[in-house]
Every structure is written in structure tokens, then in C-alpha cells.
**Q** 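My questions all concern the structure below.
Because the structure is a prediction, the values reported are computed rather than measured. Just so you know, these numbers use all the heavy atoms, side chains as well, and skip hydrogens, waters and symmetry mates. FYI, the numbering just counts along the sequence from 1.
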Amino acid sequence: TCNKVLSLFFYLSKGGKNMQQYQYDGPVMRFDDCVQHRWKATTVAPTEAKAKSNLAYRYKKENGLMPNTKITLPDKLIPA
């Protein structure tokens, strides 16, 4: 996580704009099946769509899923 913080710092110091922190607290779907009823996570991204993409990627990495696994987060993200 230290590397992520440093990367974000360098991005922002080089003119990165409109970065927003987003929180997710809801179900995780793999294809059409609910695989986790409640998952909590946060990320920083310029748009809600990118934040959902980041979180889906993170969920796959944390749970040992293949990159081509379809993961969706059906609930809304909350700007923090």
C-alpha cells in the first residue's frame, strides 16, 4: 500500500486532476451469481467507472480469479 500511496502522490504532483475517493459496500457478482453478499473496499480514481474497474480488478487479485473472469459490482459507489 505504501507504493500505491507514493504512486498517487506522484500522479497528483504531476498535474493529475479530479481524483476522487470512492467506497463500495455491497454484493459481488461473478457472471450472474452472487459470490459475496457484502464486500467493503475503497479506491481512488478520476471517474466512477474507473473506480468500479479498479475494484473489480482488486477483487479478482485478492480472490485468485483469472483476469478474464467477469466480476460486477451492482451497487452504487459512494464518493468519500
Side-chain angles (χ1 to χ4, degrees):
T1 57
C2 185
N3 287 340
K4 289 180 183 179
V5 171
L6 286 174
S7 295
L8 177 59
F9 172 76
F10 287 122
Y11 175 79
L12 292 173
S13 68
K14 292 185 179 190
K17 301 176 191 166
N18 302 325
M19 296 298 281
Q20 173 72 49
Q21 183 175 14
Y22 293 93
Q23 296 178 349
Y24 184 76
D25 184 359
V28 177
M29 308 295 286
R30 181 171 54 205
F31 299 100
D32 290 327
D33 298 323
C34 181
V35 293
Q36 189 165 342
H37 293 284
R38 186 174 188 192
W39 183 59
K40 291 183 176 184
T42 61
T43 191
V44 176
T47 66
E48 183 174 346
K50 180 62 177 165
K52 276 197 173 186
S53 174
N54 291 350
L55 291 171
Y57 174 80
R58 184 165 132 203
Y59 186 86
K60 290 177 198 182
K61 292 294 272 186
E62 288 178 359
N63 291 281
L65 300 174
M66 298 295 291
N68 62 344
T69 303
K70 182 181 176 187
I71 293 294
T72 55
L73 308 172
D75 283 4
K76 293 257 183 201
L77 295 181
I78 302 165

**Q** Working to the nearest 0.5 angstrom, can you tell me the gap between T72 OG1 and K52 NZ?
**A**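 Rounded to the nearest 0.5 Å, the OG1-NZ separation comes out at 8.0 Å.
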
**Q** Please give me the minimum heavy-atom distance between A80 and Q20, naming the atom from each residue.
**A** O-NE2, 3.0 Å

**Q** How many angstroms lie between atom CE of M29 and atom CG of D75, to the nearest 0.5 angstrom?
**A** 10.5 Å

**Q** Under 4.5 Å between any side-chain heavy atoms of D25 and R38, yes or no?
**A**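 Yes. Closest side-chain heavy atoms under 4.5 Å.
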
**Q** Give the minimum heavy-atom separation between M19 and V44, together with the two atoms involved.
**A**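 That closest heavy-atom pairing would be CE-CG1, 3.7 Å.
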
**Q** Output the distance between atom NZ (K60) and atom NZ (K70), rounded to the nearest 0.5 Å.
**A**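 Output value for this atom pair is 10.5 Å.
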
**Q** If every non-hydrogen atom of P74 is compared with every non-hydrogen atom of P27, which pair is closest and at what distance?
**A**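 Minimum heavy-atom separation between P74 and P27: CD-O, 3.4 Å.
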
**Q** Mind checking who shares a hydrophobic cluster with L73, ILVMFWY linked at side-chain heavy-atom distances under 4.5 Å?
**A**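 Reading the cluster by chain and number, L73 sits alongside Y22, Y24, V28, V35, W39, L55, Y59, L65, I71, L77.
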
